[in-house]
Amino acid sequence: MNKQVLLAQRPDGLPTKSTWIFQEVEIQEPKEGEVVIKQHYISLDPAMRGWMRDGKSYIEPVVVGDVMRAGTVGEVIKAHNHPKFKVGDFISGWGGVQQFTTTNAKGYHKIDPTIAPLPMYLGTMGMPGMTAYFGILKVGELKEGDIVLVSGAAGAVGSLVGQIAKIKGCRVVGIAGGKDKCDYLVNELGFDAAIDYKSENIYSGLKKHCPDGIDIFFDNVGGEILDAALLKLRMHARVVICGAISQYNVTEKPKGPGNYMSLLVNRATMKGMVVFDYAKQYDEAIIDYLQWMKDGKLKSNEDIYDGIENFHETFLRLFSGNKLGKLILKVLE
Ligand code: NAP
């Protein structure tokens, strides 16, 4: 049998238990050209909140009544004349929040668990890793000596952005919620400083840790943090709009940046990014990540919870911040 989580209704604000339908159905047999994947791990991403919203975006919203969209890694357990995959292959793709996926596997790619552990293919070697790499290097146009500020710094994307910037010879300041996360950034990941936005005033934190301003602000959070960071831009600074998690569950209009005139004064740019635009170059990032990890220059942290039954509570950790690094749900051994 296959346990699945379907989108029951579009939430208004933070998702509740009634946002989802949990059901158990028979595993679908593969038709010609299809495979059945036993999913081991499911990726829990802030973007999933956006995919639940109706309206124009970079991707179609999840249809109410469908299995909730999510990135997965799993093993092919049945194949019916599939052109690319055979039984025993480990593959990653959009398998959804379910234990078994029967699919033509279009858009899936093969992964090798002997090169990196399976969960890492949902983090550093997967979508968040690619976002951090291309976001800071290509969109942020990172240069040696830059002063880099990153919000959501202890998360999947932010923790990698900061580490890449350190590897490239920059000063890096992170913004995260709580003392433990801030200590982790400085003591474990080598950030130069961290601001705890939950206990410190963000404006005074920036004044203290970024006295000379910032060349790049890599923003995962939006809202007040974005607004405060804009006041610290140096000449020709770059603001990378990667995400705005503080605004994903608001029920009114999202808060826009009041301090945007700082872009004009400092001849700065603010640019949005979507990771999928870099799909053809992902191998470049994989090679660098593997080398950096091998050289002990970069740490990958996956925070793994157990059981598809715990999907709702685990998903909410993205918004409470009650997790460290990449949030993953283990669904089957
Ligand atoms: P993540 O950072 O691992 O998890 C989310 C973190 O956001 C939480 O741990 C929490 O950390 C912080 N947070 C939650 N609510 C907040 C609030 N109201 N104010 C400030 N911080 C808050 O998630 P991720 O996967 O790395 O994604 C980070 C961002 O990148 C998200 O905005 C996501 O949508 C975006 N993203 C964009 C792309 C793209 O292509 N543009 C691709 C992937 C991800 P604290 O404990 O520090 O509060």
Side-chain angles (χ1 to χ4, degrees), residues 1-31 34-74 91-108 122 126-128 131 156 220 222 242-255 272 274-276 305-320 323 326-332:
M1 296 297 281
N2 178 20
K3 289 183 184 166
Q4 307 179 308
V5 177
L6 317 184
L7 179 64
Q9 56 183 330
R10 303 200 186 281
D12 186 24
L14 200 64
T16 62
K17 282 207 160 159
S18 61
T19 303
W20 317 107
I21 296 168
F22 283 77
Q23 68 175 24
E24 204 166 353
V25 293
E26 283 198 14
I27 301 168
Q28 236 179 294
E29 284 301 313
K31 296 198 279 286
E34 288 189 339
V35 293
V36 180
I37 309 159
K38 176 184 171 185
Q39 303 296 5
H40 291 279
Y41 297 96
I42 291 178
S43 182
L44 301 185
D45 294 286
M48 291 163 77
R49 181 63 187 85
W51 303 336
M52 291 154 75
R53 189 170 291 122
D54 210 0
K56 189 175 173 292
S57 188
Y58 61 91
I59 193 170
E60 288 298 309
V62 176
V63 174
V64 172
D66 275 4
V67 172
M68 183 60 208
R69 183 187 297 142
T72 49
V73 290
I91 62 177
S92 184
W94 300 109
V97 185
Q98 56 184 337
Q99 293 174 313
F100 296 90
T101 311
T102 304
T103 170
N104 61 14
K106 216 175 135 208
Y108 280 71
L122 296 175
M127 199 259 284
T131 306
N220 290 310
C242 174
I245 193 164
S246 73
Q247 305 299 304
Y248 291 175
N249 291 301
V250 296
T251 45
E252 335 74 57
K253 217 171 154 205
K255 184 181 183 307
V274 174
V275 62
F276 307 126
Y305 296 82
D306 217 346
I308 196 164
E309 296 79 5
N310 299 317
F311 165 74
H312 174 66
E313 290 74 16
T314 314
F315 181 63
L316 291 188
R317 287 176 186 270
L318 288 168
F319 306 104
S320 67
K323 55 106 194 141
K326 172 64 197 147
L327 186 65
I328 291 172
L329 190 63
K330 181 176 177 183
V331 286
L332 285 170

I328 side, atom CD1; D45 side, atom CG - distance, nearest 0.5 Å: 9.0 Å
K31: partners by salt bridge (charged side-chain N to carboxylate O under 4.0 Å, His left out), with sequence neighbours left out: none
Those residues that, when tested against P61, pass side chain to side chain contact (heavy atoms under 4.5 Å, CB included) (two or more places apart): R10, D54
V97 vs M48 side-chain heavy atoms within contact, under 4.5 Å: yes
N/O donor-acceptor pair under 3.5 Å between H40 side chain and G74 backbone: no
Contact summary for H312 and T16, nearest pair of heavy atoms: CE1-C, 3.3 Å
Any residue meeting side chain to side chain contact (heavy atoms under 4.5 Å, CB included) with V62, in chain and number order, not counting sequence neighbours: L7, W51, D66, M68, R69
Side chain to side chain contact (heavy atoms under 4.5 Å, CB included) between N310 and Y305, intermediate numbers included: CA-CA 8 Å; N310 299 317; Y305 296 82; over 6 Å; no
Identified salt bridge (charged side-chain N to carboxylate O under 4.0 Å, His left out) partner of K3 from the options E26, E24, E309: E309
Geometric class of the F311/W20 ring pair [parallel <30°, tilted 30-60°, perpendicular >60°]: perpendicular
Point-to-point distance, once rounded to the nearest 0.5 Å, from CG of L329 to OG1 of T314: 5.0 Å
Salt bridge E34-K106, side-chain N to carboxylate O under 4.0 Å: no
Contact check, side chains of T103 and Y108, non-hydrogen atoms, under 4.5 Å: yes
Side-chain donor/acceptor of N2 to backbone N/O of Q99, under 3.5 Å: yes
Pairing residues for T72 by the side-chain hydrogen bond (donor to acceptor under 3.5 Å, both in side chains) criterion, not counting sequence neighbours: Q39
Minimum-distance pair of heavy atoms, taken over all atoms of L316 and P15: CD2-O, 3.8 Å
N/O donor-acceptor pair under 3.5 Å between K38 side chain and T101 backbone: no
Separation of Q4 CD from I308 CD1 (nearest 0.5 Å): 8.0 Å
Minimum-distance pair of heavy atoms, taken over all atoms of S92 and V73: OG-CG1, 3.6 Å
Rounded distance [0.5 Å steps], CZ in F319 versus CG in N249: 5.0 Å
Side-chain donor/acceptor of R53 to backbone N/O of Y248, under 3.5 Å: yes
Partner residues of K330 under the salt bridge (charged side-chain N to carboxylate O under 4.0 Å, His left out) criterion, sequence neighbours left out: E333
Shortest non-hydrogen contact from P11 toward M52: CG-CE, 3.5 Å
Residue pair Q23 / M1, side-chain heavy-atom distance below 4.5 Å: no
Rounded distance (nearest 0.5 Å) linking atom CD1 of I21 with atom CG of L6: 5.0 Å
Donor-acceptor under 3.5 Å (T102 side chain, Q28 main chain): yes
Exercise: identify the closest heavy-atom pair between S43 and L122: N-CD1, 3.6 Å
P30 versus V36, closest heavy-atom pair with distance: CD-CG2, 3.6 Å
Non-neighbouring partners of E29 that pass salt bridge (charged side-chain N to carboxylate O under 4.0 Å, His left out), sequence neighbours left out: K78
